[in-house]
Amino acid sequence: MVGQTGLEASAEKQLAGTPTATAQVVTAKGAPVATLATLRGHAGTPVRTTIDAGVQNAAEAALSGEKKSAALVAVDASTGDLLAVANVNAGGYDQAVLGGFPPGSTFKVLTSTALIGKGLTPASAASCPKTATVDGEVFNNAEGEGQVSDLLHAFAQSCNTAFIQLATGKLHAADFPAVAAQYRLGKAIQMGTPAFSGSVPEPKDQADLAATSIGQGRVLASPLNMAMVAAAVDTGTVRAPRLVTGAPDDSAATSRLPANVVTDLHQMMALVVASGTAAGQGLPGGTDAKTGTAEYGTSKPLKIDAWLMGFKGNVAFAVLVINSSGNGGPTDGPIAAKFLNHL
């Protein structure tokens, strides 16, 4: 097992060092005749990472007892440093960093960013019908229908049909890869170990655009990707994730989100916890969040992955439970609450 996965694999040469070796001429019976060369070895040296033992312990404690496959990533929002990467029931696979999953309604943070860029505000009108039909494809609400009259409450209640109506009316296909690029989704990550960078392809038609707007269709992200999105909203600065000291992304350039995007998203994500889809789940005061429920497969009912991403203070996080039996709020909320309260 040693040196086969994760940091041990990517930093094997540095960690293991090089053994001393000699090249010799020997007789048929193995007796040495001459030494042609001696290759001097050297001891391995440590690899320094940003992981914080206390935060890592909190993440592992939060996932303990979870029977489904799940992951939790936490980052320092002010630096991009990974503080914790935890997986359970993943068969040794680092799904927190390498996995690509439909992010469901957590992607509405990006869709909202694009809509705000088109002039919308949290007070912009929105409605939440039971279904929305786009090019013959019928979309439903994963969280049910709520009393929604504006973008703020459509976000807090995670109304799919509201976002589909707004996206198909206000956004173009090219807006989605563009807003993904604002958050560095799709940009190669060079933090010292392999990582999935996220994928937000340009929708090929209006139905695909509708699916993309709610984090379905062909959109894929890892818990690391969504934790970095949360960190960007927290501070207003988009950063590359940092893990191994000296890796290329240690010095990657940063960028700023528009000030109105940050202000509006803080208001919207706060309401998710106060009275929206993450309310009543034990999240401590001052937590801003967004839930997500991603449907996939062909079974009836469809399988779902439950998401929750957000931030409290300087710690941004994302939680994913795969093939969950419930939606993002009630499934991931208690895990995130346990994590934050443990901190």
Side-chain angles (χ1 to χ4, degrees), residues 4-10 49-51 55-56 59-60 62-64 66-75 80 82-110 180 183-201 211-212 214-232 240-244 249 290-297 299 302-310 316-328 331-332 335-336 339:
Q4 298 301 304
T5 61
L7 278 172
E8 288 184 357
S10 55
T49 78
T50 60
I51 296 295
V55 182
Q56 180 69 29
E60 293 179 6
L63 290 178
S64 65
E66 176 58 50
K67 294 179 172 56
K68 298 283 188 176
S69 185
L72 190 158
V73 173
V75 301
L82 271 70
L83 302 176
V85 178
N87 295 276
V88 292
N89 305 319
Y93 179 61
D94 188 2
Q95 58 198 7
V97 169
L98 293 172
F101 305 91
S105 290
T106 59
F107 191 79
K108 288 172 183 168
V109 170
L110 282 85
Y183 286 95
R184 295 182 65 96
L185 288 182
K187 185 175 179 61
I189 295 172
Q190 302 179 79
M191 62 180 190
T193 192
F196 181 60
S197 63
S199 178
V200 185
T212 298
I214 58 172
Q216 301 268 184
R218 295 174 293 146
V219 179
L220 296 173
S222 69
L224 170 61
N225 300 151
M226 299 316 293
M228 294 307 300
V229 169
R242 302 170 72 244
L243 177 63
V244 176
D249 277 349
K290 181 68 191 81
T291 62
T293 304
E295 298 178 328
Y296 61 96
S299 61
L302 296 173
K303 293 181 179 180
I304 58 173
D305 290 345
W307 286 84
L308 188 141
M309 52 90 89
F317 60 88
V319 182
L320 168 67
V321 177
I322 298 170
N323 192 17
S324 166
S325 56
N327 293 338
T331 300
D332 297 280
I335 295 172
F339 166 68

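Small disclaimer: the values here were computed from a predicted structure and weren't measured. Along the sequence shown, the residues carry numbers beginning at 1. Reckoned from all heavy atoms, side chains included, excluding hydrogens, waters and symmetry mates.
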Student: Just how far is it from atom CG of L83 to atom OG1 of T49, taken to the nearest 0.5 Å?
Tutor: 10.0 Å
Student: Using the side-chain hydrogen bond (donor to acceptor under 3.5 Å, both in side chains) criterion, which residues pair with Y93? Sequence neighbours excluded.
Tutor: none
Student: Pairs in or reaching into residues 94-107: which pass salt bridge (Lys or Arg N to Asp or Glu O under 4.0 Å), with residues at least two apart or in two chains?
Tutor: none
Student: Report the C-alpha separation of D249 and I189 in whole Å, then their side-chain angles, then the decisive distance to 0.1 Å, and conclude whether the side chain to side chain contact (heavy atoms under 4.5 Å, CB included) test is met.
Tutor: CA-CA 7 Å; D249 277 349; I189 295 172; 4.0 Å; yes
Student: Please assess L110 against L185 for the test side chain to side chain contact (heavy atoms under 4.5 Å, CB included), listing each intermediate value before the final yes or no.
Tutor: CA-CA 10 Å; L110 282 85; L185 288 182; 3.7 Å; yes
Student: Kindly write out the residues that satisfy side chain to side chain contact (heavy atoms under 4.5 Å, CB included) with A211, not counting sequence neighbours, or none if the list is empty.
Tutor: F139, Q216
Student: Using salt bridge (Lys or Arg N to Asp or Glu O under 4.0 Å) as the criterion, list what pairs up with R184, not counting sequence neighbours.
Tutor: none
Student: When you look at NZ of K187, are more than 12 heavy atoms from neighbouring residues, nucleotides or ligands closer to it than 6.0 Å?
Tutor: no
Student: Name all pairs fulfilling the salt bridge (Lys or Arg N to Asp or Glu O under 4.0 Å) condition that reach into residues 215-228, sequence neighbours left out, sorted by first residue then second.
Tutor: D208-R218
Student: Which residues pass the side-chain hydrogen bond (donor to acceptor under 3.5 Å, both in side chains) test with S222, not counting sequence neighbours?
Tutor: N225
Student: Quick one: CE on M226 to CZ on F107, what's the gap to the nearest 0.5 Å?
Tutor: 7.5 Å
Student: Has the side chain of W307 got a donor or acceptor atom that lies under 3.5 Å from a matching backbone atom of P102?
Tutor: yes
Student: For A90, which residues count as a side chain to side chain contact (heavy atoms under 4.5 Å, CB included) partner, sequence neighbours excluded?
Tutor: S69, N87, Q95
Student: Sequence neighbours excluded, which residues qualify as side-chain hydrogen bond (donor to acceptor under 3.5 Å, both in side chains) partners of E60?
Tutor: Q56
Student: For the pair D305 (side chain) and A294 (backbone), establish whether a donor and an acceptor sit closer than 3.5 Å, ignoring hydrogens and angles.
Tutor: no
Student: Working to the nearest 0.5 Å, report the span between CG of L224 and CG of L98.
Tutor: 9.5 Å
Student: Roughly how far, to the nearest 0.5 Å, is OG1 of T293 from CG of L308?
Tutor: 10.0 Å
Student: Applying side-chain hydrogen bond (donor to acceptor under 3.5 Å, both in side chains), can you list everything that pairs with T50, at least two apart in sequence or on another chain?
Tutor: none
Student: Side-chain donor-acceptor contacts of residues 317-326 below 3.5 Å, not counting sequence neighbours, with atom names and distances?
Tutor:
residue : atom : partner : partner atom : Å
S324    : OG   : G326    : N            : 2.8
S324    : OG   : G326    : O            : 2.8
S324    : OG   : T331    : OG1          : 3.2

